[in-house]
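Accompanying notes for the structure given below.
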Amino acid sequence: MAELIGPRLYCCSNCRNQVSLHDDIISKAFHGRNGRAFLFSHAMNVVTGPKEDRHLLTGLHTVADVYCGDCREVLGWKYERAYEASQRYKEGKFILEKSKIVKDNW
């Protein structure tokens, strides 16, 4: 009998809650507060904090911290608004820090 193979996932490193699909990675060339980070088009089972303006490496952005929906660990942030035209592709996207997520179903 053949085994069913599901999608490759990323989970919260603290509680293993599923937070994103591997297929939703846009870029692995980002930096978070604690090192490498990935830009995702979507995230699931997360909650967002209040919006705030933050000066990041690529300029001023309005962002909201992203927390695991189960354990409330900070996983990264969501780009709500980019003030520079060249950065607007990030709007509505999620940064998840590599140190805060683990692979599942690989």
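Here the structure is a predicted model, which is why all the values come from computation and not from measurement. Positions are given from 1, in the same order as the sequence printed here.
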Using every non-hydrogen atom in the two residues, find where Glu73 and Cys12 come nearest and quote the distance to one decimal. CB-SG, 4.3 Å

Hey, could you give me the CD/CG distance between Glu52 and Asp65, rounded to the nearest 0.5 Å? 6.0 Å

In Val46, Asn14, Val47, the residue satisfying side-chain contact (heavy atoms from CB on, under 4.5 Å) with Arg72 is Val47

Listed by chain and number, what are the side chain to side chain donor-acceptor pair (under 3.5 Å) partners of Asn17, not counting sequence neighbours? none

Taking side chain to side chain donor-acceptor pair (under 3.5 Å) as the test, write out the residues that go with Arg81, two or more places apart. none

Go through the steps to decide whether Val63 and Leu56 satisfy the test side-chain contact (heavy atoms from CB on, under 4.5 Å), and finish with yes or no. CA-CA 10 Å; Val63 299; Leu56 303 174; 4.2 Å; yes

Lys93 side chain near Phe30 side chain, heavy-atom distance below 4.5 Å: no

Can you tell me how far apart CD (Glu80) and NZ (Lys90) are? Round to the nearest 0.5 Å. 14.0 Å

Hey, any chance Ile26 and Val66 share a hydrophobic cluster, counting ILVMFWY side chains that come within less than 4.5 Å of each other, even indirectly? no

Which heavy atom of Ala82 sits nearest a heavy atom of Gln87, and at what distance? CB-O, 3.4 Å

Taking side chain as C-beta onward, heavy atoms only, is Trp77 less than 4.5 Å from Arg54? yes

Can you check whether Phe94 reaches Leu75 side chain to side chain, under 4.5 Å on heavy atoms? no

Heavy-atom side-chain contact between Leu21 and Leu9 under 4.5 Å: yes

Do the rings of His22 and Tyr10 sit parallel, tilted or perpendicular, given the 30° and 60° boundaries? tilted

Of all heavy-atom pairs linking Lys28 and Arg36, the shortest is O-NH2, 3.6 Å

Atom pair NZ/NZ of Lys98 and Lys103 - distance to nearest 0.5 Å: 7.0 Å

Quick one: closest heavy-atom pair of Ala64 and Thr48, and the distance? CB-CB, 4.2 Å

Any donor-acceptor pair under 3.5 Å from Lys100 side chain to Leu96 backbone: no

Do the non-hydrogen side-chain atoms of Thr62 and Tyr83 ever get within less than 4.5 Å of each other? yes

Heavy-atom distance under 4.5 Å between the side chains of Arg8 and Asn105, does that happen here? no

Mind checking whether Phe38 and Phe40 have parallel, tilted or perpendicular rings, split at 30° and 60°? tilted

Test item: Ser20 side-chain N/O and His42 main-chain N/O as donor-acceptor pair under 3.5 Å: yes

Mind listing the closest non-hydrogen atom pair of His31 and Ala37 along with its distance? C-CB, 4.0 Å

Do you reckon Val74 sits in the same ILVMFWY cluster as Ile95, going by side-chain contacts under 4.5 Å, direct or chained? no

Under 3.5 Å, side chain of Gln18 to main-chain N/O of Met44, donor-acceptor pair present? no

